[in-house]
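These notes concern the structure reproduced below.
To find a chain, count down the sequence lines: A is the first, B the second, and so on, and within it residues start at 1.
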Amino acid sequence: MAKENAIIQLENVSKIYGMGEEKVIALDKVNFSVRRNEYLSIMGPSGSGKTTLLDILSTMMKPTSGNVYIEGVNTTKMTNGDLASFRGMKIGFVFQTFHLLPRLTALENVMTPMWINGMPRKEREIRAKELLQSVGLKDRMTHKPNELSGGQKQRVSIARALAMDPPLIVADEPTGNLDTNSGQNVMEILDKLHKQEKRTVILVTHDKNVGKRAEQQIFIRDGRVEDEKKVGKIM
Amino acid sequence: MFSVIDLIEASAKNLSRSKTRTFLTLLGIIIGVSAIVSLISIGGGLTSAVEAQVQRLGSDTIFVIPGAATFGMFKTTITTSDISNMENTSGVMDVVPIYSTSAVMEYEKEKSTISISAVESSKASIFDNVGFFELGEGRRIAANESGAVMIGDRIAHPTFEKEIVLRKQVKINGEDYKVVGILKPANTSFGGGPNSGNMVMMSYEGFKRIANDATPGIVFVKTTSKESVEGAADDIQAYFDDKYGEDSVLVSSSESILGQVNQLLGLITVFVVGIGAISMLVGGIGITNSMVTSVLERTKEIGILKAIGASNELVLSMFMLEAGFIGMVGGIIGIVIGYAFALIVSFAGNASGFALGAAINPQITFGALAFSMLVGMGAGFYPALRAARMDPVNALRYE
């Protein structure tokens, strides 16, 4: 059953890759939930299963077994088509390698989620401009990704993540490809999303300094959530 | 839901970024559509030209052409007794032999070989009925007037460098004739027959001055009614087959000529439309191929779109629309080229005296456009489905 006030809840989530003898258990009966307005970091070394966990909790991938509830809705029961639209409305993504559409300008990139959801042109342009302004890219709107620095690209992708005003922001190693200054700048924006805008922010990182910024942390190793005490406190 | 206009815009943008590939992909469709459009357009023009001519000839006329069935290799001579026999065939109202020969015409020391047609004065009205010519200036040849000619506009000029005008004397095979009429520029010629622009016409009496043993080149047989055409034609054909052997004389009615022309046209149409269809098929495969490449190249983009909320349906429509776009643009270019080709053929036809209207038909235009779009979308379905079914996680991390 879905917990009240939990924006995300994972229930006995396992993910097994491969078949037969070659089976790799990436996640092993993971249970945890994230409350609304939480600022959480998921940390762990590479190969720990944190990318798989991110893919599953962000509904990009379905678990082999177990359930994933988002705002009380069991997403594992949804069709892929419904899931895409649901994801578009509920989750804003910030990726390590930005994943901007290379042929589109910063403005158009921010407009894309609104385009997908059929927002009228005028409206989405106004909103995209506001968003870019809020991340300090007022002068870079018509630039294409290859004309932007890493930090600027990441700020465009944050603006894009906010396009549909989602309650949940998932950031996957957001500073992984950035220098210290740009990384600092991006982290400040993410902090603000939590503190000022009261969004739920989930950070996935292997960098302790980044992870520390979150109010809560969970550690994952060999497909299991470690440090049950801390997790218990979160739950 | 996403808006269709946005989708179309996105598809157009995606295509314009790989212009060379898009253009090469278009070629198959362009060739197919232009082949089909030009042929249907020329064919339509041809049919209506033939129909108009047949209408003017009247559906009560039979043509008797000696040697036509052997393409003139074995020319049979139609004699006066043949003519009176035809006159006595039941259902026949009038028999009009047309005499023709070639001769040398001289004007102002300039000489040129021309072809002459003649009909007995009493029956001269047949020329009007069959609509071979219209008088431009001057007058017709009077009955029994043996020293007068009417000349086609092209004979007047440019056949003769110094333009022949009314009331001038010309020499034909050494005999003197006066030009009493000049024909209007002709734009029709029947079934590859003589063009009136290149004709010189005189009375039978005048004709006898230069060609004493003249035999008719074609005989028009007017029947009493439309209904008697078939029976009379059969009787006349049987008479000639019996007398000179089969295929020595071609007996044909305007209806049967029209039927033959349509049959031939139908065959050509099937052939070219077949080629067009094969070209469209190959063009379609080209689109599929190009779209598969495009989908593969854009795997990561597809992953991004899916991550940020694009449904399978949106991705499917995006790529199918793109393929449909290729088809449509190919269709538009093909239609333009097809009509341009038809117009060139029509101009060439008109220049050589064959009235050929290449009609721009809205039905064909829209039909071709819709068809090429459908081919494009059909061809794009498989690659679009592949794109739509991509797993977002794998697509996103695809390098």
Contacting region of B/Ile308 [heavy-atom separation from chain A under 4.5 Å]: both

Enclosure of A/Arg103 CZ (heavy-atom neighbours >12, cutoff 6.0 Å): yes

A/Glu22 atom CD, over 12 foreign heavy atoms within 6.0 Å: no

Min side-chain heavy-atom separation A/Trp115-B/Leu314 under 4.5 Å: yes

Heavy atoms of other groups near B/Tyr382 OH, more than 12 under 6.0 Å: no

Crowding at CG, A/Asp222 (>12 non-hydrogen neighbours, <6.0 Å): no

B/Arg21, CZ atom: more than 12 neighbouring heavy atoms under 6.0 Å: yes

Which atom of B/Ala307 lies closest to which atom of A/Arg87, heavy atoms considered: O-NE, 3.3 Å

Any B/Lys306 side-chain heavy atom under 4.5 Å of A/Met60 side chain: no

Residue pair B/Asn312 / A/Thr79, side-chain heavy-atom distance below 4.5 Å: no

Engaged part of B/Arg397 at the chain A interface, taking heavy atoms whose separation is under 4.5 Å: side chain

Interatomic spacing from CD in B/Glu301 to OG1 in A/Thr112 - rounded to 0.5 Å: 10.0 Å

